[in-house]
Colleague: 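Sharing a structure, written as structure tokens. Questions coming.
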Amino acid sequence: MSETQANNPLHGIKLEKVVTDLVEHYGWEELAIRININCFKSDPSVKSSLKFLRKTPWARDKVEALFLETSFT
């Protein structure tokens, strides 16, 4: 079953905002510890992270879950 957008807490929030808010809150080093992916560890940038996360659903799911746990919304 697919989740409807009405029930999606991330509806209307761009991935760029998710990554930017997490970096501002945790910093790249802490983010790499919490989510072990190279785009956060090796020469990290928002642009390179977005490129990776858009192509890698499992990593994007982890980033979005951390964003929701951190309660920016």
Side-chain angles (χ1 to χ4, degrees):
M1 285 190 209
S2 77
E3 183 179 359
T4 63
Q5 289 303 316
N7 294 330
N8 182 352
L10 292 171
H11 180 65
I13 300 174
K14 293 186 183 290
L15 184 58
E16 183 174 1
K17 177 173 174 38
V18 170
V19 172
T20 302
D21 285 359
L22 287 172
V23 170
E24 287 175 3
H25 186 77
Y26 293 111
W28 289 113
E29 194 172 318
E30 177 67 19
L31 207 48
I33 291 167
R34 290 175 178 269
I35 304 173
N36 186 16
I37 51 179
N38 282 336
C39 68
F40 292 163
K41 295 191 287 190
S42 176
D43 194 24
S45 73
V46 172
K47 185 177 179 182
S48 66
S49 297
L50 290 174
K51 187 175 180 182
F52 174 76
L53 294 170
R54 287 187 177 120
K55 290 191 287 186
T56 317
W58 65 263
R60 183 177 181 153
D61 290 345
K62 288 182 179 232
V63 169
E64 290 175 344
L66 179 61
F67 182 81
L68 292 173
E69 286 173 27
T70 309
S71 310
F72 291 110
T73 54

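We number each residue from 1, following the sequence as shown.
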Colleague: Decide if atom CD of Glu30 counts as having more than 12 heavy atoms of other residues, nucleotides or ligands within a radius under 6.0 Å.
Modeller: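 Yes - once you tally the heavy atoms of other residues, nucleotides and ligands closer than 6.0 Å, there are more than 12.
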Colleague: For the residue pair Phe40 and Val63, establish whether any side-chain heavy-atom pair is separated by less than 4.5 Å.
Modeller: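 Yes, their side chains come closer than 4.5 Å.
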Colleague: Quick check: is Leu68 connected to Leu31 through a chain of hydrophobic side chains (ILVMFWY, heavy atoms under 4.5 Å apart)?
Modeller: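 Shared cluster, yes.
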Colleague: Classify the angle between the aromatic ring planes of Phe52 and Trp58 as parallel (below 30°), tilted (30 to 60°) or perpendicular (above 60°).
Modeller: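 Geometry flag for Trp58 against Phe52: perpendicular rings.
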Colleague: Quick one: pull up OG1 in Thr56 and CG in Asp61 and give me the separation to the nearest 0.5 Å.
Modeller: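 It comes to 10.5 Å.
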Colleague: Under the 3.5 angstrom rule, does the side chain of Thr20 hit a backbone N or O of Glu16 as a donor-acceptor pair?
Modeller: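 It does hold such a pair.
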Colleague: Is there a side-chain contact between Phe67 and Pro9 (heavy atoms, below 4.5 Å)?
Modeller: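 A side-chain contact under 4.5 Å is absent here.
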Colleague: Which atom pair, heavy atoms only, marks the closest approach of Pro44 to Ser48?
Modeller: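 What the structure gives for the nearest pair is C-OG, 4.3 Å.
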Colleague: To the nearest 0.5 Å, how far apart are OH in Tyr26 and CG in Asp21?
Modeller: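 So the gap between those two atoms works out to 11.0 Å.
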Colleague: Measure across Ile35 and Lys62 and return the closest heavy-atom pair with its distance rounded to 0.1 Å.
Modeller: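 Shortest heavy-atom separation between Ile35 and Lys62 comes out as CD1-O, 3.7 Å.
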Colleague: So, taking the atom named CG in Leu15 and the one named CZ in Arg60, what distance separates them when rounded to the nearest 0.5 Å?
Modeller: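 The distance works out to 4.5 Å.
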Colleague: Quick check: do Asn36 and Lys41 have side-chain heavy atoms less than 4.5 Å from each other?
Modeller: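 Contact flag for Asn36/Lys41 side chains = yes.
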Colleague: Taking the side chain as C-beta and beyond, is there a heavy-atom pair between Ile37 and Leu53 under 4.5 Å?
Modeller: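 In contact.
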Colleague: Distance check, rounded to the nearest 0.5 Å: His25 atom NE2 versus Leu66 atom CG?
Modeller: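 Answer for the NE2-CG pair, His25 versus Leu66, is 8.5 Å.
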